[in-house]
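Written below as structure tokens is the structure these notes are about.
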Amino acid sequence: MRKKIVAGNWKMNMNLEEGISFARSVDQYFRKNPSAKAEVILCTPYIHLPGISQILKDSKVALGAQNCASEASGAFTGEVSAYMIKSTGADYVIIGHSERRIYYKEDDRLLNKKTLLALNSGLKVIFCCGEVKEERESNMHFLIVKRQLEEGLFTLPAEEIQNIVIAYEPVWAIGTGLTATPDQAQEMHKYIRGLVKEKYNSSIAENITILYGGSCKASNAVEIFSKPDVDGGLIGGASLKKEDFVAIVEAV
Ligand code: PGA
């Protein structure tokens, strides 16, 4: 059975003190309520990683970053490498989030490079894909997602793909309050699983975790997660409130 995951993407929110106290309260919740069926991951800003990693020692809650550099090391002022992220105790990194693609012009080739560096550093990758509104309206969404996966991800050998989680995040649903309908999510997740099967094989396709992201909240999570190819969520806004976040984890 493939792994169910709920990952919180904090984006650029919370200072260090706030982040640490929030992570502590999420951790305490899952220590007291160990029955959650999903793996829980907190994807925090870089500077929070070392401190939160201490709190999450022996915890059920895992830790991840939201980005990494596209180079391994050297004269790249301001950048943080995958190797540095791994050394904090984090296990995951989000790569290819639409905010990176759009605001920082990260293209498929660069994201592929980051993915390889992250895997080489021992991190697992939450690889995001998804179409913008105009692409969906012109019925290009399948083609766009296919291109993003083929160029960003499908250069990986089969043995590496087990360290990948795919997150389908339609850009028009991120932070907008518009959510893909459960059927729209299922349709795309099934399509993505089919692409993985074509490129690799059916056992890899059956085992890969595919998350939905985009205005996922406690009130719609149950319905979205009930779809057979939706294996959990990547949660932005609703991951910043403990009650909302744990309710989404419990929806799995
Ligand atoms: P949202 O963001 O849940 O606030 O829509 C999801 C994401 O960007 O990962």
Side-chain angles (χ1 to χ4, degrees), residues 4-14 18-19 22-23 26 38-46 48-49 61-68 90 92-106 111 114-115 118 123-133 135-136 141 144-145 148-149 152-153 164-182 184-185 188-189 192 209-225 227 230-252:
K4 307 272 184 191
I5 294 178
V6 175
N9 173 13
W10 291 4
K11 309 195 180 182
M12 196 170 70
N13 291 294
M14 294 197 273
E18 292 160 347
F22 186 80
V26 171
E39 173 167 4
V40 179
I41 309 169
L42 300 179
C43 296
T44 79
Y46 292 136
H48 297 57
L49 294 172
V61 180
L63 181 62
Q66 300 168 15
N67 181 31
C68 68
Y92 285 89
V93 60
I94 298 174
I95 290 181
H97 191 280
S98 63
E99 286 149 20
R100 301 297 315 174
R101 292 179 187 265
I102 295 167
Y103 304 143
Y104 301 96
K105 310 280 175 265
E106 296 190 354
L111 297 172
K114 289 188 176 196
T115 302
L123 292 168
K124 295 182 185 138
V125 172
I126 301 174
F127 188 89
C128 302
C129 59
E131 79 287 354
V132 300
K133 187 162 163 269
E135 290 162 347
R136 177 158 285 259
H141 45 299
I144 296 294
V145 167
Q148 291 171 338
L149 293 175
L153 212 52
I164 299 286
V165 172
I166 296 175
Y168 169 59
E169 299 205 303
V171 182
W172 47 270
I174 295 181
T176 57
L178 293 174
T179 319
T181 64
Q184 282 173 325
M188 184 58 89
H189 283 226
I192 292 172
T209 298
I210 307 179
L211 307 181
Y212 169 79
S215 298
C216 187
K217 37 190 183 279
S219 58
N220 58 25
V222 172
E223 225 193 325
I224 297 174
F225 296 169
K227 293 293 174 182
V230 179
D231 306 314
L234 179 56
I235 318 299
S239 75
L240 300 172
K241 279 205 201 117
K242 191 183 103 188
E243 293 68 31
D244 293 352
F245 187 59
V246 302
I248 294 172
V249 175
E250 274 161 7
V252 171

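Keep in mind that the numbers below use all heavy atoms, side chains included, and drop hydrogens, waters and symmetry copies. When a ligand or atom number is given, it counts from 1 through the structure's own listing order.
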What protein heavy atom sits nearest atom 7 (C) of ligand 1, and how far away is it?
Glu169 OE2, 3.2 Å

How long is the span from the CG atom in Leu234 to the CD1 atom in Ile174, to the nearest 0.5 Å?
8.0 Å

Please report whether ligand 1 has a polar contact with Ala238, defined as an N or O pair separated by less than 3.5 Å (distance criterion only).
no

Over all atoms of both residues, closest heavy-atom pair of Ser98 and Val171:
CB-CG2, 3.6 Å

Which ligand 1 atoms does Gly175 reach within 4.0 Å, using its non-hydrogen atoms?
1 (P), 4 (O), 5 (O)

Is the shortest distance from a heavy atom of Lys217 to ligand 1 less than 4.0 Å?
no

Would a distance-only check, ignoring hydrogens and angles, find a side-chain to backbone donor-acceptor pair under 3.5 Å from Tyr212 to Ala221?
no

What's the shortest distance from atom 4 (O) of ligand 1 to any protein heavy atom, and which residue and atom give it?
Gly237 N, 2.8 Å

Going by atom types alone, do His97 and Glu169 pair a side-chain donor with an acceptor below 3.5 Å?
yes

Relative to the heavy atoms of Ser215, which atoms of ligand 1 are at a distance of less than 4.0 Å?
1 (P), 3 (O), 5 (O)

Counting only heavy atoms closer than 4.0 Å, does ligand 1 sit against the backbone of Ile174, its side chain, both, or neither?
both

Against heavy atoms of Gly214, which atoms of ligand 1 measure under 4.0 Å?
5 (O)

How about CD on Glu223, more than 12 heavy atoms from neighbouring residues, nucleotides or ligands closer than 6.0 Å, or not?
no

Does Gly213 come within less than 4.0 angstrom of ligand 1, counting non-hydrogen atoms of the residue?
no

Distance under 4.0 Å to a non-hydrogen atom of Leu234: what atoms of ligand 1 satisfy this?
6 (C), 9 (O)

Ignoring hydrogens and geometry, is there a side-chain-to-backbone donor-acceptor pair from Tyr92 to Ala7 under 3.5 Å?
no

Lys11 heavy atoms within 4.0 Å reach ligand 1 at atoms 2 (O), 7 (C), 8 (O)

Specify the closest pair of heavy atoms between Ala251 and Val222, including all atoms of both residues, with the distance to one decimal.
CB-CG2, 3.7 Å

Would you say the side-chain atoms of Asn9 pair up with the backbone N or O of Gly236, donor to acceptor, closer than 3.5 Å?
no

Just jot down the ligand 1 atoms closer than 4.0 angstrom to any heavy atom of Ala173, in number order.
5 (O)

Member of Ile95, Leu111, Ile166 meeting the side chain to side chain contact (heavy atoms under 4.5 Å, CB included) criterion with Leu153
Ile166

Of Met188, Gln184, Gln148, which is the lone residue that meets side chain to side chain contact (heavy atoms under 4.5 Å, CB included) with Tyr168?
Met188

Proximal ligand 1 atoms for His97, defined as those under 4.0 Å from one of its heavy atoms:
7 (C), 8 (O), 9 (O)

Under 4.0 Å from a heavy atom of Asn9: which atoms of ligand 1 are those, numbered in the order shown and with their elements?
9 (O)

What residue and heavy atom of the protein are closest to atom 3 (O) of ligand 1, and at what distance?
Gly236 N, 2.9 Å

